[in-house]
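For the single chain, residues carry numbers from 1 onward in sequence order.
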Amino acid sequence: MRMNDDLRGQYENYPYPPRNPADEATRLITGSPSHISEIEHHILAGRRGSPAPYRILVAGGGTGDATVMLAAQHAAAGIDAEIVHLDISEASSAIARARIDARGLTNTTFVHGAIETISTRDLGTFDYIDCCGVLHHLEDPAAGLKALRAALKPAGGLGMMVYAPLGRTGVYHAQAMLQMIAGDAADPERISTARQLLEDLPGSNWLKRNPHVGDHIDQGDSGIYDLLLHRRDRAYSVPELAGLLQQGGMRPVNFVDPARYEPGVYLKSPELVKRTSGLNWVQRCAFAELLAGNMKTHILYAVRDDNRTNTLAVPDTADTIPIMRDNDGPSLAAQIKPGMSLKVDMEGVQLSLPLPALAAPILALTDGERSLARIHADLQSSQNPAPDWDTFKNQFDQLFSSFYGLSRMFLKKPA
């Protein structure tokens, strides 16, 4: 109980991440999980929310990034959504509420409480639950996940983020040092001590050498506290995360940026690619985590283990509609030249994903409204030689694999 009081006190005094409601006038923070395109693809098999109010729970909503994104995106899409923001910190929730008010949104309610108490709150069940950066701070993460499962409708889904160990190399070393020298001190003294330690870290220190974490650099006192002084903090490898999901009665749908979890993206040896392709999905993801060495979080979508709904993993029919996440297809098409590959920097790892010959013409027609059948028809009238369906479909599948692998392209079904 003392530990829970400490956690509550942390977020009352140091809301995280620090946010200014006035900034809502100039930007909308978007991310993963819980981007509307990701939810529709991974959880709803390409469909929009039901005609009845689409119920969303943000479990551990903090200062409101996910809550604001979900509320704003569903309102903009004209989807009747009811969003519940649940958090143990009244100070954090006050910031989230002010951000919602600044946008004039009316589809969100705020509830004060812990994830473990959901069953006692009479909140009903939800079509979708966001739980980002919370489970790894609970005393019993599996019990917390079970509580979320119980709050999900049978066909509902969960977007979650937990810490990963390799990309946070050095964080837990610094936490251990600070516990030794300032574990029982008052919070202001602990933060002051952490700042002094950060200044004195030698160049050989693992945290000093880790370019993948920066909250202690750019997030002020809240960032230092959340990264280095948190009272309860653990990280999950891929196998450990798979075990947590199983304990919680959930099954994974896919990771965000799934290309990062495929060994073949990194490996150049055909023999090694062949060997890793024989592993099961969890083993391949675990291998890729060890190979890349830089993953600091795992972000994924999951459903109840009794949910047999087939997710829209690949473009399966001609009426499927491809949709770009943030970059509209036509503007991206103008940047693609023949023979180019899709190059991206994943926190120090350079990935190069193949693009087909028709990448630019297909992207020029990918406006979130045209189906595959219509894109193909338009290409037949504009390309010489005109591609037949099989040629087009093979090239689109390659294009989709590359952009979906980076969470840039998703699929939806007609209304």
Sub-3.5 Å donor-acceptor pair from the side chain of [X] to the main-chain atoms of [Y], do we have one?
X      : Y      : result
Ser222 : Pro15  : yes
Thr320 : Thr317 : yes
Gln175 : Leu228 : no
Thr276 : Leu272 : yes

Centroid-to-centroid, Tyr301 to His41, below 6.0 Å? no

Proximity of Trp206 and Tyr172 rings by center, below 6.0 Å: no

For [X] and [Y], which heavy atoms make the closest approach, and how far apart are they?
X      : Y      : result
Leu355 : Ser341 : CD1-C, 3.9 Å
Gly264 : Val273 : CA-CG2, 4.3 Å
Ser277 : Lys274 : OG-O, 2.7 Å
Leu207 : Ala174 : CD2-CB, 3.9 Å

Pair up each side-chain donor or acceptor in residues 287-294 with any protein partner under 3.5 Å, not counting sequence neighbours, and list the distances.
residue : atom : partner : partner atom : Å
Glu289  : OE1  : Val238  : N            : 2.8
Glu289  : OE2  : His298  : NE2          : 3.0
Asn294  : OD1  : Arg260  : NH2          : 3.3
Asn294  : ND2  : Met346  : O            : 2.8
Asn294  : ND2  : Glu347  : O            : 2.9

Side-chain heavy-atom pair [X], [Y] within 4.5 angstrom cut-off:
X      : Y      : answer
Leu178 : Arg190 : no
Glu38  : Ser407 : yes
Met250 : Leu244 : no
Val213 : Lys296 : yes
Phe392 : Leu372 : yes
Met160 : Leu300 : yes
Ile321 : Arg374 : no
Asp305 : Asn307 : no

[Y] versus [X], side-chain donor and acceptor atoms under 3.5 Å:
X      : Y      : result
Thr391 : Lys393 : no
Thr193 : Glu189 : no
Ser92  : Thr63  : no
Asp319 : Ser371 : no
Glu82  : Asn107 : no
Thr67  : His85  : yes
Tyr404 : Asn254 : yes
Lys412 : Ser37  : no

Salt bridge [X]-[Y], side-chain N to carboxylate O under 4.0 Å:
X      : Y      : result
Glu262 : Arg284 : yes
Arg97  : Glu90  : no
Asp127 : Lys153 : yes
Arg99  : Asp65  : yes
Glu271 : Arg275 : yes

What's the verdict on side chain to side chain donor-acceptor pair (under 3.5 Å) for Asn210 and Thr169, showing C-alpha distance, side-chain angles and the deciding distance? CA-CA 7 Å; Asn210 187 346; Thr169 297; 5.2 Å; no

Phe410 six-ring centre to Arg325 NZ/CZ under 6.0 Å and within 45° of normal: no

Is it true that, when you exclude Asn280 itself, more than 12 heavy atoms of the residues, nucleotides or ligands shown sit nearer than 6.0 Å to its CG? yes

Which residues pass the side chain to side chain donor-acceptor pair (under 3.5 Å) test with Gln335, sequence neighbours left out? none

Not counting sequence neighbours, which residues clear ring pair (Phe, Tyr, Trp, His ring centres under 6.0 Å) with Tyr163? List them please. His136, His137

In a check of ring pair (Phe, Tyr, Trp, His ring centres under 6.0 Å) between Tyr225 and each of Tyr16, Tyr11, Tyr14, which one passes? Tyr14

Tell me, with the steps shown, if Arg408 and Asp257 meet salt bridge (charged side-chain N to carboxylate O under 4.0 Å, His left out). CA-CA 9 Å; Arg408 299 274 294 276; Asp257 297 342; over 6 Å; no

Worked verdict on Glu139 versus Arg231 for salt bridge (charged side-chain N to carboxylate O under 4.0 Å, His left out): CA-CA 10 Å; Glu139 181 177 3; Arg231 301 287 188 179; over 6 Å; no

Applying ring-ring contact (aromatic ring centres under 6.0 Å, His included) to Phe396 and Trp389, what does each step give before you reach the verdict? CA-CA 10 Å; Phe396 178 82; Trp389 172 259; 9.2 Å; no

